[in-house]
Amino acid sequence: MSVVKQVVAINEGDRSDVVLIGSEAVRPSRRRLPDERRAITHHFSIAGHEGYLTVGVYEDGSPGEIFVRMAKQGSTISGLMDSFATVVSLALQHGVPLDVLCAKFSHTRFEPSGWSGNPKIGYASSLMDYLFRWMELKFLKNEQGELFGYLSASNASARPASKKGAVEALGEFVQLGDAPACNFCGSLMVRSGSCYRCLTCGGTSGCS
């Protein structure tokens, strides 16, 4: 809770006084997400620690909550990431800008760290580093694509309107499911029969 104080400055020659005449308590407002909201889930793997980051978004496409689910449930790191995701969600819903959070947590260094398999991020110095650099790419650098059928305000005039409906776009995304990352380029693969195929480089998960 912050306090807004009204003050009056009194200047008498060389003497200056500040008089407090009142104060008003201001509660921060929380912008809750709708009961039905859109979300994007991203799989990551750093130094053998696999997990999934899910970002729920408002109607305008801005993030309003995150969930971090580690593969090893019940572990210490899983509990810490779950609690941290709750704190970040509350911060976003109370108006903390995403760029402030990304600036604070990107490039933090602690274990586990290592190659992320994501060619746009490369080496991740920590889990926090990877998660916030990924969100920066998706939501601050206009790389979220047309998953939800909307265009960001900054490039809406430069790009033609998408003719793909939200249902069709989401249906294509669901095909990724729990697809692994490509061993060659790091992109998420899509299911092709009983195997997986990379749409970026054409690699497969071992099937012909």
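It should be emphasised that the depicted structure is a prediction, and the values quoted were computed from it without experimental measurement. Values below: all heavy atoms of this structure, side chains included; hydrogens, waters and symmetry mates excluded.
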Beyond-backbone contact of Val55 with Glu65, side-chain heavy atoms, under 4.5 angstrom: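 No, every pair of side-chain atoms sits at 4.5 Å or beyond.
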Hydrophobic cluster membership, Val96 vs Leu53, 4.5 Å side-chain cutoff: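 Yes, one cluster joins them.
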Same apolar cluster: Phe110 and Ile46, side chain cutoff 4.5 Å: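 Yes, Phe110 connects to Ile46 through the hydrophobic network.
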Pairing residues for Phe67 by the ring-ring contact (aromatic ring centres under 6.0 Å, His included) criterion, not counting sequence neighbours: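 Once residues adjacent in sequence are excluded, Phe67 has no partner under the ring-ring contact (aromatic ring centres under 6.0 Å, His included) criterion.
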Output all residues satisfying side chain to side chain donor-acceptor pair (under 3.5 Å) with [X], sequence neighbours left out; order by chain, then residue number.
| X | result |
| --- | --- |
| Thr108 | Ser126 |
| Arg30 | Gln93 |
| Thr86 | none |

Pairing residues for Pro112 by the side chain to side chain contact (heavy atoms under 4.5 Å, CB included) criterion, not counting sequence neighbours: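 Side chain to side chain contact (heavy atoms under 4.5 Å, CB included) list for Pro112, sorted by chain: Ala47, His49, Ile77, Leu127.
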Polar contact flag, side-chain donor to acceptor under 3.5 angstrom, Ser113-Ser125: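 Checked: Ser113/Ser125 side chains show no N/O donor-acceptor pair below 3.5 Å.
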Donor-acceptor pair between Asp60 and Ser62 side chains, under 3.5 angstrom: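 Per modelled atom types, Asp60 and Ser62 side chains form a pair under 3.5 Å.
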Verdict with reasoning, Asp129 to Ile121, per side chain to side chain contact (heavy atoms under 4.5 Å, CB included): CA-CA 10 Å; Asp129 173 48; Ile121 295 179; 5.5 Å; no
Verdict with reasoning, Leu101 to Val88, per side chain to side chain contact (heavy atoms under 4.5 Å, CB included): CA-CA 8 Å; Leu101 296 174; Val88 173; 4.1 Å; yes
Parallel, tilted or perpendicular: rings of Phe84 and Phe105 (30°, 60°):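 Rings of Phe105 and Phe84: perpendicular, over 60°.
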Are any side-chain N or O atoms of [X] and backbone N or O atoms of [Y], one a donor and one an acceptor, separated by less than 3.5 Å?
| X | Y | value |
| --- | --- | --- |
| Arg37 | Tyr58 | no |
| Arg38 | Glu59 | yes |
| Ser89 | Ile66 | yes |

Within the 6.0 Å centroid threshold, strictly below: Phe139 and Phe132: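 They do not qualify: ring centres at least 6.0 Å apart.
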Test of ring centre spacing under 6.0 Å for Tyr130 and His107: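 That pair fails the under 6.0 Å test.
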Euclidean distance, Trp134 CH2 relative to Ser106 OG, rounded to 0.5 Å: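 Ser106 OG to Trp134 CH2: 13.0 Å, rounded to 0.5 Å.
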Under the salt bridge (charged side-chain N to carboxylate O under 4.0 Å, His left out) test, residues paired with Arg69 that sit two or more places apart: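 Partners of Arg69 by the salt bridge (charged side-chain N to carboxylate O under 4.0 Å, His left out) criterion come out as none, since no residue qualifies.
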